[in-house]
Structure formats: C-alpha cells, structure tokens
Amino acid sequence: MTKTLTRLDRKFFARPTVEVARELLAKNIHFRDKVARVVETEAYLGPEDLASHARFNSRKRNQIMFGSAGYVYVYFTYGMYHMLNIVAEEEGQAGAVLIRAVEPVSNVELATNGPGRLTRAMGITMQENGVDLVGSEEFWVEDSGSVPEEIMETSRVGIGYAGEYRDKLWRFYVKGNPFVSRV
DNA sequence: AGGATGATATCC
DNA sequence: GATATCATCCTC
C-alpha cells in the first residue's frame with residue numbers, strides 16, 4: 001500500500017475566501033522537501049475590501065487574485081519580504097488567503113512565525129508566483145486529517161488604513177499555538 | 001521608535 | 001519622473 005496524500009483540490013479553494021482562510025488552518029503546505037502546518041491566515045477579498053490588493057482592480061501584480069482558485073500569489077514588499085497567498089473564490093471573483101504563520105513539520109529550520117519569516121524559512125520567492133497548487137509537482141497543500149484545536153478570529157494585521165474593513169474579523173489562528181505571529 | 005530597501009500607486 | 005506608501009522584520 002502506497003502512502004496516501006490527500007491533496008486539496010480545486011473545489012476546496014474555489015469557495016468564499018473567508019471560508020477557505022479558516023479551513024486552511026492545520027493543513028500541511030509542501031514545498032519541495034519542506035513541510036509545514038498552517039497555524040495563521042488572513043482573508044483578503046475583492047475590490048470592495050479596502051485592505052486587499054484587489055482594491056485597485058486587476059493590475060499586473062494582482063491579476064492572479066482574479067483568476068482560478070488554488071494558484072499561488074507571491075508578492076515582494078518592504079524591499080525584503082515575500083508574502084505567500086493562495087487564490088480563492090470562483091474564477092473571475094477576486095480573493096486570496098495570506099499565510100501568516102506555519103509550524104515546521106519537516107526540513108524547516110528557520111523561524112516561521114510571521115509572513116515574511118515563513119517564506120524565508122521555506123525558500124518561497126517570486127519564482128513561485130503563479131504556481132498551481134492543484135497541479136504542481138513540488139508545491140501543494142495536503143489535508144493531513146488533523147483538526148485545529150481551537151480557532152481564534154481577530155482583525156487583520158497592518159491594514160489600519162482600510163476604513164470600515166479594518167475591523168473585519170478575517171484573521172484566523174490556532175489558539176495557543178507558539179508559532180502564531182503575535183497575540 | 002526608527003531603519004532597511006525595492007516595487008507600486010498616485011500624484012504632478 | 002518624483003514621491004509616499006507598504007498584508008514586515010530587526011535593532012536600538
């Protein structure tokens with residue numbers, strides 16, 4: 001009997017972004033030889049969400065957010081950090097989930113308690129922008145069957161400019177997990 | 001509290 | 001073309 005990895009399929013990602021963000025907790029991200037368990041996420045919606053990159057409508061950088069679910073959206077910010085996002089929603093509807101923190105499972109040595117840190121620890125760069133997590137040989141998400149202990153919902157980090165969307169409870173993390181980026 | 005360090009949005 | 005801003009992290 002071969003080992004059975006339950007890779008998340010297109011249907012998992014092609015749902016409302018907030019739902020996908022919550023359910024990505026406790027899933028395992030595989031990138032090449034590295035494996036890490038998601039412990040913190042944030043949902044970024046379409047043009048109406050004043051905190052989302054999609055608020056500028058479809059541009060060169062963010063067009064992936066308007067495309068098919070299950071694709072990787074990586075962007076570079078503050079001159080040093082890569083941010084890992086996974087596209088959600090049906091085709092043509094913008095939305096993506098920012099992975100803010102993961103817990104090392106295999107071959108991950110550096111700190112992973114923050115969006116800039118986890119990409120550095122796993123070696124994720126702009127090279128991965130546009131990769132299809134449903135079809136790639138070296139980048140995918142696995143449903144290990146484990147369930148998050150207790151899920152916390154708070155407002156998102158670093159988006160104080162977003163008006164009424166500042167207070168949306170679209171940040172999710174595993175309560176008490178030591179790898180969450182902050183309380 | 002402030003600096004790093006580059007891409008992008010939004011002005012002139 | 002210039003400048004302000006950034007879904008951050010590190011050092012002081």
Side-chain angles (χ1 to χ4, degrees), chain A residues 13 15-25 27 29 31 34 36-67 69-89 93-104 108-131 133 139 141 148 151-174 177-183:
Chain A
F13 299 108
R15 290 184 293 150
T17 309
V18 172
E19 210 170 294
V20 176
R22 188 187 290 108
E23 293 191 22
L24 273 173
L25 291 178
K27 301 295 188 287
I29 293 178
F31 180 57
K34 302 184 188 308
R37 181 174 179 260
V38 178
V39 298
E40 178 180 352
T41 62
E42 281 177 1
Y44 287 90
L45 277 54
E48 75 282 1
D49 178 5
L50 299 178
S52 174
H53 284 180
R55 69 187 181 278
F56 305 117
N57 289 314
S58 183
R59 311 297 272 270
K60 186 172 165 205
R61 179 177 68 165
N62 65 6
Q63 61 184 345
I64 187 77
M65 285 184 73
F66 292 79
Y71 280 73
V72 172
Y73 170 40
V74 180
Y75 67 91
F76 186 67
T77 192
Y78 294 107
M80 322 180 195
Y81 298 108
H82 299 279
M83 299 285 144
L84 172 62
N85 302 259
I86 300 175
V87 177
E89 303 283 349
Q93 178 104 319
V97 176
L98 171 67
I99 310 299
R100 280 196 59 88
V102 298
E103 173 179 340
V108 179
E109 306 302 332
L110 302 177
T112 56
N113 57 325
R117 290 170 171 154
L118 75 91
T119 53
R120 189 180 54 190
M122 295 190 78
I124 293 165
T125 68
M126 291 304 294
Q127 290 278 321
E128 280 62 60
N129 191 33
V131 169
L133 291 174
F139 204 176
V141 185
I151 297 176
M152 294 294 290
E153 308 187 356
T154 71
S155 56
R156 294 171 291 178
V157 174
I159 52 122
Y161 56 82
E164 60 180 311
Y165 283 86
R166 176 175 51 112
D167 303 317
K168 299 287 185 186
L169 302 181
W170 289 344
R171 172 173 178 243
F172 304 95
Y173 64 88
V174 178
N177 187 286
F179 296 94
V180 170
S181 68
R182 47 189 280 196
V183 290

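The sequence lines fix the lettering, A, B, ..., with proteins before strands; numbering per chain opens at 1.
Every side chain to side chain contact (heavy atoms under 4.5 Å, CB included) that P104(A) has, sequence neighbours left out, goes to V108(A), T112(A), F179(A). Contacts of F172(A) classified as ring pair (Phe, Tyr, Trp, His ring centres under 6.0 Å), with partners at least two apart in sequence or in another chain: none. Scanning for salt bridge (charged side-chain N to carboxylate O under 4.0 Å, His left out) contacts around R117(A) gives an empty result, with sequence neighbours left out. Remark: Q63(A) pairs with S58(A) by the side chain to side chain contact (heavy atoms under 4.5 Å, CB included) rule, at least two apart or across chains.
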Readout for nucleotides 7-12 of chain B: B = base within 4.0 Å of protein heavy atom, S = sugar-phosphate only, - = neither; 5' to 3' it is -SSS--
Intra- and interstrand pairs of DNA chain B - dot-bracket, Watson-Crick/G-U under 3.5 Å, | marks other strand: ||||.||||||.
Evaluate side chain to side chain contact (heavy atoms under 4.5 Å, CB included) for I29(A) paired with F139(A), printing each intermediate quantity in order. CA-CA 8 Å; I29(A) 293 178; F139(A) 204 176; 3.7 Å; yes
Could you go step by step and tell me if I151(A) and L25(A) meet the side chain to side chain contact (heavy atoms under 4.5 Å, CB included) rule? CA-CA 8 Å; I151(A) 297 176; L25(A) 291 178; 3.8 Å; yes
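Boundaries of the chain A contact region on DNA chain C are dC6(C) to dC10(C), first to last in 5' to 3' order (nucleotide atom under 4.0 Å from a heavy atom).
Residue pairs meeting the salt bridge (Lys or Arg N to Asp or Glu O under 4.0 Å) criterion with at least one member in residues 53-62 of chain A: none, sequence neighbours excluded. Pairs passing the side chain to side chain donor-acceptor pair (under 3.5 Å) check and including a residue from residues 15-25 of chain A, sequence neighbours excluded, read R15(A)-E19(A), R15(A)-E23(A), T17(A)-E89(A), R22(A)-E153(A).
R120(A) comes within 4.0 angstrom of sugar-phosphate atoms only, judged by non-hydrogen atoms across all strands, and of no base. Contact annotation for Y75(A): base contact, defined as any heavy-atom pair under 4.0 Å involving a base atom. Using a 4.0 Å heavy-atom cutoff across all strands shown, I159(A) reaches sugar-phosphate atoms only and no base atom.
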Can I get a per-line list of side-chain donor-acceptor pairs under 3.5 Å for residues 119-126 of chain A, giving both atom names and the distance, sequence neighbours left out?
from	atom 1	to	atom 2	distance (Å)
T119(A)	OG1	H82(A)	O	2.8
T119(A)	OG1	P115(A)	O	3.4
T119(A)	OG1	G116(A)	O	3.0
T125(A)	OG1	Q127(A)	N	3.1
T125(A)	OG1	E128(A)	OE1	3.4

Side-chain atoms of residues 72-81 of chain A: list all donor-acceptor pairs with protein atoms under 3.5 Å, sequence neighbours left out, distances to 0.1 Å.
from	atom 1	to	atom 2	distance (Å)
Y73(A)	OH	H53(A)	ND1	2.7

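Annotation: side chain of L45(A) is in contact with side chain of V18(A) (closest heavy-atom distance under 4.5 Å).
A donor-acceptor contact shorter than 3.5 Å is absent between the side chain of R100(A) and the backbone of Y173(A).
Under the side-chain contact (heavy atoms from CB on, under 4.5 Å) rule, R156(A) has a single partner from D167(A), L169(A), D49(A), which is D49(A).
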Output a table of nitrogen or oxygen pairs between the protein and nucleotides 3-5 of chain B separated by less than 3.5 Å.
from	atom 1	to	atom 2	distance (Å)
dT5(B)	O2	Y78(A)	O	2.3
dT5(B)	O2	G79(A)	N	3.4

